[in-house]
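This report concerns only the one structure given below.
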There are 2 protein chains.
Amino acid sequence: MNDLGGVEVAVSPKDKFREFLETRSKRLTTERATLVEEVFAMHEHFDTDLMVARLANRKDGRSVSRSTVYRGLTELVEAGLIRRVARTNGREVYEHDYGYPEHDHLICSKCQKMIEFRNTEVRRIIEAIAREQGFQLSGHRLEAQGLCSDCGRPRRHRKLDMI
Amino acid sequence: MNDLGGVEVAVSPKDKFREFLETRSKRLTTERATLVEEVFAMHEHFDTDLMVARLANRKDGRSVSRSTVYRGLTELVEAGLIRRVARTNGREVYEHDYGYPEHDHLICSKCQKMIEFRNTEVRRIIEAIAREQGFQLSGHRLEAQGLCSDCGRPRRHRKLDMI
DNA sequence: ATGAGTGCAAAAAGTTTGCACCGCT
DNA sequence: AGCGGTGCAAACTTTTTGCACTCAT
């Protein structure tokens, strides 16, 4: 049993990845294994750049090239292990999808902070609508934009923008 | 009074754009006027490329350069006239935000078709959650992925992929 | 004269891909 | 021998930006 931040899962991400790869006659190579490990060693959101950087800093030297990271993250998405949650600063942002409860995000337009929230109602509504439309739902992405409590608070000691 | 596909609005998009521009000491130039016109002459979703193409095909020859279209669409978003709804094939997809009722989308992962749906519950839930978090909501984007009824239907006469 | 605006071409930035070599996770 | 896999660098896409010139919505 693995504990992935609140939810227990019987099969490790790595195993799940291997299973997926097998269905495509692909192999769980050292690089792919290193990637899953690194991805699931992290519980925050991340983008490709951050992942490449973390892989470059491993003490065991098992680095993975940028191309392979791109290819691997796509596979992980297809495998249902991670998902693309949002897009910040022009980059795709990822998070765990496996072993992590479904949730959505409030994203601050100013500081880009992402606040997770969980609400089963939203999903239920989407499911109902999909059913009505004969649409085979596979996932969703809900991002609410606005200002977080820090950025939205009117400041009295506002710094001047000019010199 | 203008009719924008179901909702009547007192001020035309162009006027609203002009008002917005004034608050930034910007002018409603010929190019910007042409762009708003073209954007609101269209009732479907569009991306920058399509808009550039349509502008290039105007019979009155009032074309607008690609850079100006990019700059202008950003301004239109800031003005609240259009919004970025989704991202398909690596491109941002836009739609009217002004004079058009709030809604969300089901997006087919195969043919990219976008099906609009309206549901006030979703918005209400997001508002409640934002309130709880002291988050100043400005908008949201909800895209559900899956297969549309056409693409999801199992085909018996499936064409072979090879030659 | 002035400040904003445009178009062009070049630059960014993120992501994908062709290819030669590698290796059996 | 075979097929998938990797890394590198080059290519590609979309979007942004520097700049010189224009214009007055």
Side-chain angles (χ1 to χ4, degrees), chain A residues 12-39 46-53 55-56 58 60-79 84 86-94 112, chain B residues 11-38 46-53 55-56 58 60-79 82 84 86-94:
Chain A
S12 74
K14 193 188 286 192
D15 286 341
K16 227 202 147 199
F17 194 27
R18 195 200 324 271
E19 284 169 21
F20 166 81
L21 290 167
E22 269 166 14
T23 70
R24 307 248 190 146
S25 349
K26 291 181 171 183
R27 303 166 191 151
L28 179 61
T29 59
T30 311
E31 287 81 359
R32 291 207 259 240
T34 309
L35 178 61
V36 211
E37 261 176 43
E38 199 67 47
V39 163
F46 64 92
D47 59 27
T48 309
D49 235 52
L50 175 58
M51 197 41 66
V52 169
L55 286 162
R58 286 178 69 102
D60 63 5
R62 289 206 279 153
S63 74
V64 180
S65 77
R66 180 169 290 269
S67 324
T68 300
V69 173
Y70 270 107
R71 289 189 272 237
L73 290 179
T74 301
E75 290 163 346
L76 285 172
V77 168
E78 291 167 347
R84 303 195 164 99
R87 171 164 269 258
T88 315
N89 302 324
R91 291 176 190 169
E92 215 60 53
V93 177
Y94 297 87
Q112 314 290 343
Chain B
V11 185
S12 75
K14 194 188 285 192
D15 287 341
K16 224 199 151 204
F17 194 26
R18 195 200 323 271
E19 285 169 20
F20 166 81
L21 290 167
E22 269 165 15
T23 70
R24 306 248 189 145
S25 346
K26 291 182 173 182
R27 303 166 191 151
L28 180 61
T29 58
T30 311
E31 286 81 359
R32 288 192 179 117
T34 309
L35 178 61
V36 210
E37 261 176 44
E38 199 67 47
F46 65 91
D47 60 25
T48 309
D49 233 52
L50 176 58
M51 197 41 66
V52 169
L55 286 162
R58 286 178 69 101
D60 62 6
R62 289 206 280 152
S63 74
V64 181
S65 78
R66 180 170 290 271
S67 323
T68 299
V69 173
Y70 270 107
R71 290 190 271 238
L73 290 179
T74 301
E75 291 163 346
L76 285 172
V77 168
E78 291 168 347
I82 61 177
R84 302 196 166 98
R87 173 163 268 260
T88 315
N89 302 323
R91 291 175 189 171
E92 215 60 52
V93 177
Y94 297 86

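Quick note: numbers below take in every heavy atom, side chains included, and nothing from hydrogens, waters or symmetry partners. Just so we're on the same page: letters track the sequence lines, and every chain starts at 1. Predicted, not measured: the structure shown is a model, and the values here were computed from it.
- Taking for each of T74(B) and T30(B) the nucleotide of DNA chain D with the nearest heavy atom, the 5'-most of the two is the partner of T74(B).
- A distance of 10.0 Å separates CG of L28(B) from CD of E31(B), quoted to the nearest 0.5 Å.
- At whole-Å resolution of the value, CD in E75(B) and P in dT25(D) are 17 Å apart.
- Within the 4.0 Å cut-off from OP1 or OP2 of dT6(C), not a single side-chain nitrogen or oxygen of S65(B) is found.
- Nearest to the side chain of R87(B), among dT15(D), dT15(C), dG7(D), sits dT15(D).
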Quick one: which protein N/O atoms are closer than 3.5 Å to N/O atoms of nucleotides 17-23 of chain C? Pair and distance per line, please.
| from | atom 1 | to | atom 2 | distance (Å) |
| --- | --- | --- | --- | --- |
| dT17(C) | O4 | S67(A) | OG | 3.4 |

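- The CG atom of L50(B) lies 9.0 Å from the CD atom of E38(B); values are rounded to the nearest 0.5 Å.
- Atom CD of E92(B) and atom C1' of dT13(D) are 14 Å apart (whole Å).
- Atoms CZ and CZ, from R32(B) and R71(B) in turn, are 9.0 Å apart once rounded to the nearest 0.5 Å.
- At dG4(D), none of the side-chain N or O atoms of T29(A) fall inside 4.0 Å of OP1 or OP2 (strictly under the cut-off).
- The end-to-end axis angle of the helix from dT2(C)-dA24(D) to dC24(C)-dG2(D), rounded to 10 degrees and based on five pairs per end, is 30°.
- Toward the 5' end of DNA chain C, the nearer of the two residues T48(A) and L28(B), judged by each one's closest nucleotide, is L28(B).
- Here Y94(B) pairs with F46(B) under the ring-ring contact (aromatic ring centres under 6.0 Å, His included) rule; sequence neighbours left out.
- The interatomic distance linking R91(A) (CZ) with dA13(C) (P) rounds to 9 Å, in whole Å.
- As rounded to whole Å, 5 Å separates atom P of dT6(D) from atom CD of E31(A).
- Between the CZ atom of R66(B) and the C1' atom of dA10(C) there is a distance of 15 Å, rounded to whole Å.
- Atom CG of L21(B) and atom P of dG5(C) are 8 Å apart (whole Å).
- When atom types are taken as modelled, the side chain of R87(B) and the backbone of G90(B) share a donor-acceptor pair closer than 3.5 angstrom.
- Contact of the D49(A) side chain with the R66(A) side chain is registered, since non-hydrogen atoms from C-beta on lie closer than 4.5 Å.
- Separating the CZ atom of R84(A) from the C1' atom of dG14(C) is a distance of 12 Å, rounded to the nearest angstrom.
- Taking the side chain as every heavy atom from C-beta outward, L73(B) and I82(B) approach each other to under 4.5 Å.
- Salt bridge annotation for R24(A)-E78(A): present, with a cationic side-chain nitrogen under 4.0 angstrom from a carboxylate oxygen.
- If you measure from atom CG of N89(A) to atom C1' of dG14(C), you get 12 Å, rounded to the nearest angstrom.
- Formation of a donor-acceptor pair under 3.5 Å by the N89(A) side chain with backbone atoms of R91(A) is not found in this model.
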